[in-house]
Amino acid sequence: MSKMIEKPKEMHRKKPNLESYEETCKGFRWEDFHDEIEWFEDGKLNAAYNAVDRHARTRRKNKVALYWEGKNGASEEYSFSGLRDLSNKFANVLRRYGVGKGDRVFIFLPRIPELYLSFLGAIKVGAIAGALFAAFGPEALKDRLLDSGAKILVTNSELKHRVYEIRDELPELERMIIVGEVAEGEVSYEKEMEEASRDFDVERMHPEDPLFVLYTSGTTGKPKGVVHAHYAILQEHLTAKWVLDLHEDDVFWCTADPGWVTGIAYGILGSLSNGISLVVYEGRFSPEKWYSIIEKYHVTVWYTAPTAIRMLAGAGEALPQKYDLSSLRYLCSVGEPLNPEMVYWGLKAFGLPFHDNWWQTETGGILIANYPSVPIKPGSMGKPFPGIKAGIVDDEGNELPVGKEGNLAIKTPWPSMMREIWRNPEKYKSYFKGDWYVTGDLARMDEDDYFWFVGRADDVIKTSGERVGPFEVESALVRHPAVVEAGVIGKPDPIRGEIIKAFIVLKKGYEPSGELEEDIKKFVKEHLAGHAYPKEIEFVKSLPKTQSGKIVRRLLKARELGLPAGDTSTLGK
Ligand code: ATP
Ligand code: MG
């Protein structure tokens with residue numbers, strides 16, 4: 001479990017921004033890094049101005065800030081000054097429609113340039129920006145638009161019909177701005193932009209003023225509207241610099257959609273703040289396309305998710321060899337536990353390990369991470385970011401000793417900590433126990449201060465008096481040569497309390513059989529533990545996932561027990 005891997009030579013092409021983790025942690029104070037971001041003279045700031053405009057005033061003004069590749073092969077480039085001017089224009093459009101500080105402006109668009117421009121424009125005018133994943137249907141949209149009380153919605157001619165279905169049920173929604181073809185009486189994005197000035201006096205925001213509201217992924221239940229403040233940009237900037245190791249000349253591809261927090265904090269704000277070039281690909285996942293994006297744009301730093309990594313691994317090691325991926329120098333993963341096997345697969349396929357990091361919509365930025373200058377223990381999420389105190393606590397909030405499993409908790413506050421749950425103060429309060437923020441995840445810490453994810457508190461299995469985290473069983477399963485992915489649940493059992501049941505997706509070329517089932521059980525018994533192997537296995541074509549790609553174990557369980565599915569608004573198809 002505590003095996004460390006050496007960093008390959010390729011990774012040393014650049015000196016890590018965080019040279020010494022230990023040294024930096026000593027006496028770390030966020031205030032000492034305030035100069036990393038841009039402040040107005042009056043102590044105010046604006047996260048969008050910080051991400052874009054401050055670079056547009058320097059020699060970086062003509063540098064490409066955004067490389068965009070459309071789903072049908074079109075491509076566009078935007079410089080920092082281009083992003084500044086166009087987001088200024090959109091801020092003017094919003095101001096003309098009476099949008100001011102604190103109003104909610106939501107964007108419901110595919111990953112097209114207008115999504116980025118309007119998101120930045122909304123922040124510049126002082127609005128609370130929100131993004132909605134383009135695959136959402138009317139119910140998911142209604143939940144979020146109604147709860148947030150959005151005043152303006154930016155969408156396009158393809159997606160607008162889904163909003164019209166629920167339009168009458170959204171009393172606070174004043175206006176829709178439509179990208180693309182418009183009908184009589186609709187507001188055209190293009191026309192408004194054409195008429196708007198490119199000069200805009202950016203709203204100066206108090207560090208505690210709200211910046212964006214984003215709904216969680218809905219893995220465990222109904223999504224919550226998490227509100228972040230402008231001060232979050234400090235942490236988003238610094239974590240992008242030290243965890244994602246962004247250097248000015250990096251070409252950075254964050255594969256997350258801005259409908260999820262990773263796509264905002266690192267897919268827009270924290271990364272641009274470091275003056276890098278972003279890559280955005282509009283289309284869906286496909287191994288061939290993804291490798292070709294890396295090749296075409298010479299991506300150097302790649303931030304993606306375990307679900308994608310498992311799918312790439314499932315497509316084989318020969319495929320990446322067909323592309324020139326030599327530009328890659330640093331790989332990161334977030335969103336779900338990263339099976340150790342996938343760290344090794346990165347080494348095999350790209351000569352680089354994936355660096356896992358952990359955070360949540362509520363934490364607003366990376367809190368626990370692997371760093372370029374710190375050895376990786378495959379299967380561990382890494383160590384707390386400098387300035388972050390993470391602990392393992394019992395249900396009363398008492399800290400537990402090294403090695404003990406318990407609630408992963410973070411000492412409050414930190415700059416990107418959520419400031420409220422929108423219109424739900426009770427829910428907000430429920431996250432805290434004394435001065436700990438309790439994450440809802442279970443973990444343990446080892447003797448070297450590495451954190452190990454066990455499972456979500458709701459997903460942990462109690463079998464024959466033992467607690468088993470689904471993650472370690474799933475990780476053992478994906479080591480088996482026939483297995484692409486696995487979802488593991490506890491199934492009620494009169495004798496053992498629960499038994500472990502695994503739902504398994506097989507690699508191409510493998511067929512379900514009793515023999516294979518026995519072989520997989522034996523494999524887990526040998527590699528993990530006698531008590532933690534799945535007594536039941538079901539082969540499935542796919543696992544239920546959120547739109548952001550997370551395995552939804554609560555749904556596997558509900559199906560197994562014939563219970564209602566609960567909130568399914570964020571599930572993929
Ligand atoms: P909801 O809160 O609505 O159920 P969610 O928790 O999936 O949805 P997010 O905020 O997008 O919504 O995800 C945060 C969660 O994702 C974490 O609490 C954790 O369970 C999981 N997670 C994120 N990164 C990692 C990681 N590196 N290792 C293990 N789990 C991770
Ligand atoms: Mg959550």
Side-chain angles (χ1 to χ4, degrees), residues 131 133 140 143-144 147 213-226 228 239 243 256-267 303-310 331-340 342-343 354-370 376-385 390 407-410 416-418 421 424 427-428 430-431 437-444 450-460 469-472 474-475 544-555 566-572:
F133 188 51
D143 273 356
R144 289 160 182 77
D147 183 66
V213 53
L214 204 70
Y215 289 80
T216 57
S217 294
T219 314
T220 54
K222 208 167 179 60
K224 309 158 271 278
V226 175
H228 287 288
T239 46
V243 178
D257 187 275
W260 318 113
V261 74
T262 307
I264 289 181
Y266 299 101
Y303 191 21
T304 189
T307 181
I309 301 168
R310 289 190 297 258
L331 316 179
C332 296
S333 169
V334 72
E336 274 194 300
L338 181 66
N339 319 95
M342 294 302 122
V343 177
F354 281 96
H355 290 72
D356 188 22
N357 55 68
W358 175 95
W359 59 295
Q360 308 177 301
T361 310
E362 294 90 335
T363 71
I366 297 168
L367 296 190
I368 298 178
N370 286 283
I376 295 178
K377 295 188 186 187
S380 163
M381 327 192 267
K383 297 176 173 229
F385 193 77
N407 302 296
L408 175 62
I410 312 290
S416 65
M417 188 176 100
M418 64 169 167
I421 295 289
N424 196 344
K427 177 72 203 171
Y428 180 77
S430 73
Y431 282 93
Y437 162 82
V438 183
T439 65
D441 288 340
L442 300 183
R444 60 176 167 266
Y450 281 73
F451 283 76
W452 299 77
F453 182 83
V454 172
R456 292 169 184 269
D458 300 346
D459 289 341
V460 163
F471 171 51
E472 59 178 354
E474 289 163 9
S475 287
K545 288 187 183 168
T546 60
Q547 302 273 17
S548 51
K550 299 175 192 229
I551 299 169
V552 188
R553 294 173 194 81
R554 74 177 156 92
L555 210 68
D567 186 89
T568 54
S569 66
T570 58
L571 295 195

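Just so you know, ligand 1 is whichever comes first in the structure, and atom 1 is the first atom listed for that ligand. Nothing here was measured: the structure is a model prediction, and the numbers come from that model.
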Ligand 1 atoms in contact with R456 (distance to a heavy atom under 4.0 Å): 5 (P), 6 (O), 7 (O), 15 (C), 16 (O), 20 (O), 21 (C)
Under 4.0 Å to a heavy atom of P337 - the qualifying atoms of ligand 1, by number: 28 (N), 29 (C), 30 (N)
Hey, which atoms in ligand 1 end up nearer than 4.0 Å to a heavy atom of T361? 9 (P), 10 (O), 11 (O)
Distance filter under 4.0 Å to K224 heavy atoms, resulting ligand 1 atoms: 1 (P), 2 (O), 3 (O)
If you round to the nearest 0.5 Å, how far is CZ of R553 from CD of E474? 4.0 Å
If you have a sec, work out which protein heavy atom is nearest atom 20 (O) of ligand 1 and how many Å separate them, to one decimal? D441 OD1, 2.9 Å
Closest non-hydrogen atom pair between Y428 and M418, with its separation: OH-O, 3.5 Å
If you take all heavy atoms of H228 and E362, which pair is closest and at what distance? CE1-O, 3.5 Å
Given that the side chain starts at C-beta and the backbone is N, CA, C, O, which of these parts of W358 lies under 4.0 Å from ligand 1, counting heavy atoms, or is it both or neither? both
Atom pair OG1 (T219) and CZ (R456), whose distance is rounded to the nearest 0.5 Å: 4.0 Å
For ligand 1, is there an N or O atom under 3.5 Å from any N or O atom of T439? no
Any donor-acceptor pair under 3.5 Å from T239 side chain to V243 backbone: no
What protein heavy atom sits nearest atom 4 (O) of ligand 1, and how far away is it? T220 OG1, 2.4 Å
Counting each atom of ligand 1 from 1 as listed, which ones have a heavy atom of E336 under 4.0 Å away? 22 (N), 23 (C), 24 (N), 25 (C), 26 (C), 27 (N), 28 (N), 29 (C), 30 (N), 31 (C)
Give a yes/no on ligand 1: does G440 have at least one heavy atom closer than 4.0 angstrom to it? no
Give me the atom names and distance for the closest heavy-atom approach of G379 to P340. CA-CG, 3.9 Å
If we ignore hydrogens and angles and just use 3.5 Å, is the side chain of S430 paired with the main-chain N or O of K427 as donor and acceptor? yes
Identified side-chain contact (heavy atoms from CB on, under 4.5 Å) counterpart of T439 within the set I410, N407, T363: I410
Considering distance alone, does some N or O of S333 sit under 3.5 Å from an N or O of ligand 1? no
Tell me the protein heavy atom at minimum distance from atom 11 (O) of ligand 1, and give that distance in Å. S217 OG, 2.7 Å
Using a 4.0 Å heavy-atom cut-off, which part of T219 comes near ligand 1: side chain, backbone, both, or neither? both
Which atoms of ligand 1 sit under 4.0 Å from any heavy atom of K550? 7 (O), 9 (P), 11 (O), 13 (O), 14 (C), 15 (C), 16 (O)
What part of W359, side chain, backbone, both or neither, has a heavy atom within less than 4.0 angstrom of ligand 1? backbone
Quick test: of every protein heavy atom, which one is nearest to atom 22 (N) of ligand 1, and how far off is it to 0.1 Å? G335 O, 3.3 Å
Under 3.5 Å: N/O of G218 near N/O of ligand 1: yes
Quick check against the 3.5 Å criterion: does T216 have a side-chain atom that pairs as donor or acceptor with the backbone of K224? yes
Sub-4.5 Å side-chain heavy-atom contact between W358 and D441: yes
Are the aromatic ring centres of W359 and F385 under 6.0 angstrom apart? no
Check each atom of ligand 1 against the heavy atoms of N357 and keep those under 4.0 Å away; list them by number with element. 24 (N), 26 (C), 27 (N)
